[in-house]
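A quick write-up on the structure given underneath.
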Amino acid sequence: MKNTARGLDAERLYHIFIYVVLITLAVTIIVPVAWVFMASIKENSEFYGNPWAMPKGIYWQNFVDAWNSAKMGEYMLNSVIVTAAALVLLLVIALPAAYALSRFQFRGSKFLNLAFMAGLFINVNYIVVPIFLMLRDGDVWLKNLAGKSFLLNNLFVLAVVYASTALPFTIYLLSGYFSTLPHDFEEAAYIDGAGYQTTMWKIIFPMAKPSIITIILFNFLSFWNEYIISMTLMSSAKGAKTLPVGLLNLMQAQQSAAQYGIMYAGLVLVMLPTLILYICVQNKLTQGMTMGGLKG
């Protein structure tokens, strides 16, 4: 009985410890985010008092100024274009590639799997300079050939770079999920006369919907918040900066001008789309990370 009581006490203490850690982590995340939202609706004069004081009212002009005067609306449109284009390119390439690598054995399949696996260990930030030099040299060649550069300061090229750098992780995750799916449905489709492409689009991809949504969410967050590649490849573009680069410019400008409300309104504009997307797909995200194959 004593051993049982000690075991229950140890389990209870462990649960209490876990709850304390989780609550602490939640507070350290929720409080700063809530403070940014609260600060974004304050007038500038309110920042010189108690920083934790509640706003006296809702000052929407901060968002208007951040959207128009600071060009955050233009930067957000650029981020939407780049993120959407990168996601489309990524899914068009990664979904068939992951399906083929996980469901079929062919010459070179092991090498391709190994190559994509190796790509997981390459930090994109470490190869930004080689990418920039490669595109710069390509622009020099194009300018000599056609009299016009194309590769740098181009939103579509930036989207291609984003999609390329995300391929290893995406194919690795999708291949792992596809490999857990049983072959029974494919064999039944083949018997009914369906081809490989029909089976892939109408059988496998619908079954892998939770995993695909997880991939979309992870890569959306990565593309939307990416800063280093965008700043490097779009350094000379005046009106084609993405939202994180524009936010840094806004923070530098508003800190020197002591316009803190506009600065925090810009931060909210960056965070809001990711929060809304997560709220909309959180159930599918959980399924994609925990489900594998069929139940039962």
Side-chain angles (χ1 to χ4, degrees), residues 25-26 28-37 40 66 72-73 75-95 98 116 119-128 131 155-177 208-234 240-251 264-291:
L25 291 175
T28 57
I29 295 173
I30 293 173
V31 170
V33 172
W35 191 89
V36 169
F37 276 87
S40 67
M72 295 300 288
Y75 298 149
M76 179 173 285
L77 178 61
N78 293 335
S79 286
V80 169
I81 294 172
V82 171
T83 302
L87 284 174
V88 170
L89 286 171
L90 180 64
L91 292 176
V92 167
I93 297 171
L95 284 173
F116 284 118
L120 294 173
F121 300 96
I122 299 176
N123 191 323
V124 179
N125 297 329
Y126 298 155
I127 60 173
V128 172
I131 292 174
L155 291 175
F156 179 74
V157 174
L158 180 62
V160 172
V161 173
Y162 281 175
S164 302
T165 55
L167 273 176
F169 168 75
T170 304
I171 291 178
Y172 172 76
L173 196 61
L174 288 175
S175 297
Y177 189 90
K209 186 177 179 181
S211 181
I212 295 172
I213 291 177
T214 302
I215 284 296
I216 292 174
L217 179 60
F218 281 169
N219 285 298
F220 172 86
L221 295 175
S222 176
F223 299 157
W224 186 264
N225 296 318
E226 201 285 321
Y227 169 74
I228 295 178
I229 298 177
S230 178
M231 182 187 67
T232 305
L233 302 186
M234 309 294 293
K241 298 184 184 300
T242 56
L243 201 53
V245 179
L247 178 62
L248 178 66
N249 295 340
L250 172 65
M251 293 177 66
Y264 288 114
L267 285 171
V268 171
L269 290 175
V270 174
M271 291 190 300
L272 204 56
T274 58
L275 291 175
I276 293 174
L277 179 64
Y278 176 77
I279 291 172
C280 293
V281 302
Q282 58 177 334
N283 292 331
K284 294 292 184 181
L285 176 64
T286 304
Q287 293 178 22
M289 297 184 68
T290 58
M291 239 175 74

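In what follows, residues are counted from 1 in the order of the sequence shown. Hydrogens, waters and symmetry mates are skipped; everything else that's a heavy atom, side chains included, is used.
At least one donor-acceptor pair under 3.5 Å links the side chain of Thr274 to the backbone N or O of Met271. Between the side chain of Ser222 and the main chain of Phe218, no donor-acceptor pair closer than 3.5 Å is present.
Counting all heavy atoms, side chain and backbone alike, Leu158 lies closest to Met234 at CD2-CG, 4.0 Å. The heavy-atom pair separating Gly119 from Pro168 by the smallest distance is C-CB, 3.7 Å. Between Thr242 and Glu226, the closest heavy-atom pair is OG1-O, 4.5 Å. Nearest heavy-atom pair across Leu120 and Phe169 is CD2-CA, 3.3 Å. Listed here is the closest heavy atom pair of Ala98 and Ile171: CB-O, 4.0 Å. Taking all atoms of both residues into account, the shortest heavy-atom contact from Ala86 to Ala159 is CB-O, 3.5 Å.
Other residues, nucleotides and ligands contribute over 12 non-hydrogen atoms within 6.0 Å of the CZ atom of Phe37. Dense packing is recorded around CG of Leu25, with more than 12 heavy atoms of other residues, nucleotides or ligands lying under 6.0 Å away.
Side-chain contact between Pro244 and Val270: absent, with no pair of heavy atoms (C-beta onward) separated by less than 4.5 Å. Annotation: side chain of Tyr177 is not in contact with side chain of Thr214 (no heavy-atom distance under 4.5 Å). Two residues are said to be in side-chain contact when any heavy atoms from C-beta on lie closer than 4.5 Å; Tyr162 and Ile229 meet this criterion. Within the 4.5 Å cutoff, the side chain of Leu233 has no heavy atoms near those of the Val128 side chain. Side-chain contact check for Met76 versus Trp224: some heavy-atom pair is nearer than 4.5 Å.
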Test side-chain contact (heavy atoms from CB on, under 4.5 Å) on Leu243 and Asn78; report intermediate values, then the result.
CA-CA 7 Å; Leu243 201 53; Asn78 293 335; over 6 Å; no
Show your working on side-chain contact (heavy atoms from CB on, under 4.5 Å) between Phe223 and Val82 and close with a plain yes or no.
CA-CA 8 Å; Phe223 299 157; Val82 171; 5.9 Å; no
- Message: Applying side chain to side chain donor-acceptor pair (under 3.5 Å) to Asn219 and Thr170, what does each step give before you reach the verdict?
- Response: CA-CA 8 Å; Asn219 285 298; Thr170 304; 3.2 Å; yes
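To the nearest 0.5 Å, the span separating CD1 on Ile228 from CG on Asn125 amounts to 3.5 Å.
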